[in-house]
Amino acid sequence: MTEPRIYSVGSTPSTPVLINKFEQPVVQVSGGSRWTVFVLEDGTAYETTRSDRNNNRTKLNVKPILMARCGYTHYTLLSREGDVYGRGAISENYGQIGMGKSKNCQVPEIIPFFKEKKGELDVVSIKSSCYCTFYLCENQQLWASGYNSSGEVGIKEIGTNQYYPVKISDNVTNVYTDNYSFFVFWKTEDGKIMGSGRFGNVNKLELTGLIQFKQHEIIDITAGYGQSLILAQKKSDGLQELFHLNGKVPRKINTNFISPIVEMSSGNNHHCIRLEDNTVYSVGSGGNVSTSKYNLPEITSGMKWTLTCSSEDIILLEDVPSNERNTIQKDLLLCYENSWVTDMEIVSGYKIHKDFVQARIGKPIDTIKQVISGWEKEDLDLLFLWMYSGTYKGKKQADLLGSLLGINELFKTKIMDAMKRLWIDEEGKNFTILVKDVDMEEEEEEEEEEEELVEVPVHKFILYARSGLYRDMFENISVEQDSVTDQSGKTPETIELFVKYLYLDQLELTADDDPALTIEELTNAAEFFQLSDENKLNREIKKIKKQFQL
């Protein structure tokens, strides 16, 4: 596996500076003004100063860390066991580490409040703003501690700092804030998004209640010192719109991106956004998008940039993703570009993968045919490129997709939703892998008996897209052939688990599976089946090892 690269760049497009490697791959970075925290693959965490991330590194004496979040002069850690650590508040202690008015931690210390309430209040996620920390618990209660001059903590008692955690809300599903922010937003189970902080003359508002968002679904929020970015999706056609919030009135930002926004982060008064095509842009304090994208090094195939803003700059981590775009979706593009495994002519001269298109849109194929009847090839190309790649290019396709009467929910579906539907679609599976089922202990006694072949059904185009081994095989056999005997020597259970992985991009063991045998049989499977992203399957195997302590 290639070591992921980490770069630091200025708040406006500048030359990236490489951060030296650690002994293991870094899986998470969070930066504030005083410190940057790096979390490695095994949960080891390092603290560095913001000004010297390459040399001034301190290995933290903490349990394996799941999550790190930096504020301005503090940071908070959440361990894999559920312990919450606080560190900092050196000069200005407003209660941001939740340990009392006079407590300044020179090293990370477990916050007593949550230690004493384990089992009752189990923290599952943490966020740090400038001088506050927010703790989201398993029971969906949101707690917070810290500075509350203008409602930054999210409670009614304005001007009263909270030196110990206090409950903010029930039924919370998500929290949005960043390291230099004086705002916090949280989403409740009923879909409302509340905001608290310096909103002009008000300290709290319901974001989803604003007129600008009545017809939108809010996808993401990132907050800086005095302003926020809000990524929303129109309910009518699913198209993205980006808003700048300064005070309590959102202003729409006009963007001409040819690829959707998938990630945002904020620092002081600077923001950063990443598009699905991996380009990264800065957004200034007035909500103006830079005309120059960051001049990042060429990305390794199958990888992406994960970004996080510190107080003054931006950190970019080249990370192998678990998301659909960089694994399954890129594989599916092979099917879009190659008609060998298409099985239906949807219009004259235009062939598709029937089950995939039907699962992708969620409508019967006859309905789809009726809608696109009479379309020009150029428009069909735009439509089906979006179905397979998840991207649209320019206003023409946006208008096209927005006008699809009867299938407007197209934009609300995701590739993985379609893949899950395909996995459970037994009737649509048009190819069979025949696997030998021989009990090795009784093999000698039953030499004369015919070996039983277990059938593992699959969609032919899934095998074609995801496995180089089967792709080569299909190009050398008859199109009509509907089965093949497996030559890997693995058990039927392992082949079925592997086929499920091809659909879902993750290994899901059942109670009947033997974890040790699964690991043994799947070792080197990625290489044997010639997966486009071998590292992804190997990481899934590592997760099983850790889960079962093998």
Side-chain angles (χ1 to χ4, degrees), residues 2-41 44-60 65 67-77 87-88 127-130 177-181 222-225 229 261-275 277-285 289-300 303-321:
T2 304
E3 176 75 18
R5 298 171 293 176
I6 309 171
Y7 286 90
S8 174
V9 294
S11 58
T12 56
S14 59
T15 303
V17 176
L18 181 66
I19 297 175
N20 293 342
K21 294 179 180 179
F22 291 78
E23 71 272 16
Q24 290 185 48
V26 174
V27 295
Q28 190 181 126
V29 185
S30 183
S33 176
R34 189 177 292 271
W35 295 289
T36 301
V37 177
F38 298 86
V39 180
L40 310 190
E41 193 173 42
T44 302
Y46 280 87
E47 163 197 298
T48 77
T49 61
R50 183 186 64 80
S51 58
D52 189 1
R53 294 176 175 132
N54 277 324
N55 299 312
N56 197 355
R57 296 177 176 177
T58 302
K59 187 175 181 179
L60 302 179
I65 294 303
M67 188 179 298
R69 293 291 184 266
C70 289
Y72 187 64
T73 59
H74 76 289
Y75 64 76
T76 313
L77 309 172
R87 156 79 157 112
K127 289 290 181 72
S128 291
S129 63
C130 192
T177 192
D178 289 274
N179 64 82
Y180 207 101
S181 177
T222 185
Y225 171 73
L229 290 183
I261 298 170
V262 294
E263 190 174 15
M264 308 193 302
S265 183
S266 291
N268 184 343
N269 269 325
H270 63 282
H271 315 277
C272 193
I273 57 177
R274 180 175 66 84
L275 309 187
D277 63 9
N278 256 327
T279 53
V280 179
Y281 292 86
S282 67
V283 180
S285 58
V289 180
S290 172
T291 56
S292 302
K293 62 185 178 182
Y294 285 91
N295 185 26
L296 295 171
E298 185 175 344
I299 198 82
T300 306
M303 302 178 82
K304 67 179 178 68
W305 291 113
T306 297
L307 59 90
T308 181
C309 288
S310 68
S311 297
E312 306 299 332
D313 57 10
I314 297 163
I315 305 166
L316 297 118
L317 170 65
E318 184 187 46
D319 188 20
V320 181

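Here the structure is a predicted model, which is why all the values come from computation and not from measurement. Throughout, residue positions are numbered sequentially from 1 according to the sequence presented.
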* To do: Can you see which heavy atom on Leu307 is nearest to which on Ser265, and at what distance?
  => CD1-CB, 3.3 Å
* **Note, Cys272 side chain near Met264 side chain (heavy atom, < 4.5 Å)** => no
* Between Asn179 and Ser33, is there a donor-acceptor pair closer than 3.5 Å when you use the side chain of the first and the backbone of the second? -> no
* To do: Run the salt-bridge test on Lys59 and Glu47 with the 4.0 Å N-O cut-off and return the result as yes or no.
  => no
* Does Arg57 count as lying over the ring of Phe22, i.e. NZ or CZ under 6.0 Å from the six-ring centre, within 45 degrees of the axis? -> yes
* Asked: Is any side-chain heavy atom of Tyr46 less than 4.5 Å from a side-chain heavy atom of Val39?
  -> no
* Output, in order, the C-alpha distance, side-chain angles, deciding distance and verdict of side-chain hydrogen bond (donor to acceptor under 3.5 Å, both in side chains) for Asn268 and Ser311. => CA-CA 5 Å; Asn268 184 343; Ser311 297; over 6 Å; no
* With no hydrogens and no angle check, do the side chains of Ser266 and Thr222 hold a donor and an acceptor under 3.5 Å apart? -> yes
* Test of ring centre spacing under 6.0 Å for Tyr180 and Tyr72 -> yes
* Do Thr48 and Asn56 get their side chains close enough for a donor-acceptor pair, meaning under 3.5 Å? -> no
* Considering all heavy atoms of both residues, which atom of Cys70 and which atom of Ser30 are nearest to each other, and what is their separation? -> N-OG, 2.8 Å
* Indicate yes or no: does Asp178 engage Arg69 in a salt bridge with an N to O separation below 4.0 Å. => no
* Closest heavy-atom pair and its distance - Val37, Ala68 -> CG1-CB, 3.7 Å
* Please examine the side chains of Asn278 and Leu275, heavy atoms only from C-beta on, and report whether any two atoms are closer than 4.5 Å. => no
* Is there a donor-acceptor contact under 3.5 Å linking the side chains of Thr279 and Arg274? -> no
